[in-house]
Amino acid sequence: MGKKKKAIMTLVEALVFISLAGCAGKKVDYGVDTEVKSQNVVSSVKDIDTNTSFNDELTVNVGGTDEKVKITADIRVPECDTMSVTEVERIPCTKEFKEKVIKAYFCDSQVYYYDYAHMTKKELEEIIETLDRDNNSLSDDASEEILKWHDDMKTECTKALETAADVWTEATEYDSCDDFVGKIGDTWFHLQFSRPDDDNSVLSGIQSYPLDRCVKSVSDGDPDERSTKFDDGYVKQYYGPKSLKEYDTVRYLNGDFIDGDLPVSDVNEANISFDEAKKKAGDFMQAIGIESMIKTGESDCEWEGYNKTEDNVYKEGDVHRAIWGYALEYSLGADDVVYSKSLNVFDYSAYNKFCPMDCPGYETGSFNVNEYGVYRFDIAEPVSIVKKQQKVELLPVSNIYKIARNELESHPDKYIVEADTQYRYLTLGYIRVKDSSDSQRFSYIPAWSLELLQRREVESCPVFVNAIDGTVIEPEQIF
């Protein structure tokens, strides 16, 4: 390894190094009680005494006025044994990665391009017709953003229609296109790779869903619906439970119900168990390199089917439901803790001004699974793990409190302290911080938050303290 590489230390390595140095008795100046910073480290979260609380009152000067700050901070910790530091990076949208996902998803199926430039004439005509219908039904107060989206899409589809063919084009490479269509079983699916506006080189999401077509709404004035049963002369598609195949229109509900019959049976027509569905989802994530996703929800997939009447409106009450497949929800996390539900900076209103508009959300994944495997999925803000250090050692909570109190007392203007402000919790969790040298990398680290009584509802700006080395985490460091 060359000298230049040897000199570079990642955030993960730095935090672990500090932790180990602390064990060796190294003193670090944190501004208060430096003699004990390197002693009595905590290895297990369960060793933290949550029955204690910190009761305090200080007077701080804010804008030339003395204000009282009350602290009655109960200790809250996550339900885990140990904590870790995880460094991640956003996944580059390369032809190699796209090929890996395409092979894992479509297996041996022939794959075609499916952006507007490669759709068939009939598909483009249907999109333009739907856009015109939607435009006519838009409310008068529709935002400029929605109107622009409609206009831009229609312009793009109209231009593509000038050279459109009657058939799809086989995908021979994966670099020039981000939209593909292929078969799983007897069903055609649209696989899409999305990129953020701020950086075209990385992924913001991967989605796939069965091809469907627009059908008239159940009620006049409502938006059009989509059906997974259609025949446009080129593609003949039915996707749904076998028990609903006889109906004109079939769609996946996703919680959006039309009044009608309950499922004819509580038997899942996929004929697989939840455990088998979870294994299929896990195998797929592993195949495409998505790691450390924690399952946050599960449910049956409910479908409904109904028939047209002569006037092309669906008969009220003639709605039939069935269960086919499972819906599984996942989110990035570690040690059984979901990052987005921990110290999520978006939960604190006063920190919003520090978050850029293009700040990525937290990685999540939704997977619909049946006997064929993963068939419909949506992975938002995918990342890959660069490095992970488990079972890191944490400073004693008493030291953390002194650091947070000292920060609040020394820099009250940073925390928007108002009259009779009361801090109620000292919370341990994971926070996301930037990598100072690489804008596409960030880390999830253990941190403490001295915070107000309620998130979201108040102009809350907690004091965040690194749980490993005791440094105060500035707003500009949070990502």
Side-chain angles (χ1 to χ4, degrees), residues 9 11-12 14-19 21-22 26-42 48 54 56 58-62 67 69-71 73 75-77 83 85 87 339 342-355 359 392-418 421-437 442-452 455 459-479:
M9 182 180 289
L11 178 59
V12 174
L15 290 173
V16 174
F17 175 78
I18 290 168
S19 172
K26 180 180 176 64
K27 292 183 179 180
V28 183
D29 184 9
Y30 297 97
V32 290
D33 287 346
T34 57
E35 297 82 11
V36 296
K37 289 295 177 297
S38 58
Q39 300 173 12
N40 302 320
V41 292
V42 178
I48 299 172
F54 295 98
D56 214 339
L58 27 149
T59 301
V60 297
N61 189 278
V62 182
E67 302 287 1
V69 177
K70 296 178 182 179
I71 300 175
I75 297 172
R76 302 190 299 187
V77 299
M83 301 190 77
V85 176
E87 184 180 1
Y339 292 142
S342 194
L343 302 182
N344 185 340
V345 68
F346 295 113
D347 287 344
Y348 304 96
S349 57
Y351 270 79
N352 292 342
K353 63 184 178 183
F354 297 107
C355 296
C359 183
V392 295
E393 294 181 326
L394 312 177
L395 289 175
V397 65
S398 57
N399 297 56
I400 296 293
Y401 171 71
K402 291 174 184 176
I403 295 167
R405 183 191 186 282
N406 183 66
E407 172 69 10
L408 194 60
E409 193 171 30
S410 303
H411 307 286
D413 289 312
K414 288 167 53 177
Y415 300 97
I416 319 180
V417 174
E418 299 175 350
T421 298
Q422 187 171 16
Y423 284 80
R424 290 295 306 273
Y425 301 112
L426 187 60
T427 304
L428 176 64
Y430 282 103
I431 197 167
R432 189 172 70 178
V433 294
K434 299 176 182 178
D435 186 301
S436 59
S437 60
F442 43 94
S443 294
Y444 292 94
I445 66 171
W448 287 93
S449 167
L450 180 61
E451 59 190 60
L452 301 175
R455 301 181 185 185
E459 195 69 6
S460 57
C461 198
V463 183
F464 291 119
V465 180
N466 187 318
I468 297 174
D469 67 5
T471 54
V472 173
I473 301 172
E474 301 292 343
E476 294 81 5
Q477 296 175 276
I478 299 171
F479 191 55

Q: Working to the nearest 0.5 Å, report the span between CZ of F464 and CG of L450.
A: 10.5 Å
(Q) Please enumerate all residues that pass side chain to side chain donor-acceptor pair (under 3.5 Å) together with S437, with sequence neighbours excluded. (A) D435
**Q.** With sequence neighbours excluded, residues passing side chain to side chain donor-acceptor pair (under 3.5 Å) with N61
**A.** D66
Q) How close do S342 and G429 get, heavy atom to heavy atom, and via which atoms? A) OG-CA, 3.2 Å
**Q.** Gap separating the OG atom of S398 from the CD1 atom of I75, nearest 0.5 angstrom
**A.** 9.0 Å
Q. Taking side chain as C-beta onward, heavy atoms only, is V77 less than 4.5 Å from W448?
A. yes
Q. Just how far is it from atom CD1 of I403 to atom CG of L408, taken to the nearest 0.5 Å?
A. 13.5 Å
Q | Pairwise distance CD1(I468) to CG(L395) - rounded to 0.5 angstrom | A | 8.5 Å
Q) If we only count heavy atoms from C-beta on, is the F442 to K434 side-chain gap below 4.5 Å? A) no
Q) Given side chains that start at C-beta, do those of V465 and T471 come closer than 4.5 Å, heavy atoms only? A) no
Q.
Could you work out, with side chain to side chain donor-acceptor pair (under 3.5 Å) as the rule, every residue matching E407, not counting sequence neighbours?
A. K414, Y415
Q: With rounding to the nearest 0.5 Å, note down the distance linking CD in E451 to CG in L426.
A: 8.5 Å
(Q) According to side chain to side chain contact (heavy atoms under 4.5 Å, CB included), who are the partners of A447, at least two apart in sequence or on a separate chain? (A) L343, I431, I473
Q.
Let me confirm one number: the CG-CG distance from N406 to L58, rounded to the nearest 0.5 Å.
A. 10.0 Å
Q: If the plane angle is over 60° it's perpendicular, under 30° parallel, otherwise tilted; pick one for Y339 and Y430.
A: perpendicular
(Q) Under the rule for ring pair (Phe, Tyr, Trp, His ring centres under 6.0 Å), what residues qualify as partners of F54, not counting sequence neighbours? (A) Y401
Q. Looking only at heavy atoms, which two atoms of L428 and A467 are closest? And how far apart?
A. CD1-CB, 4.0 Å
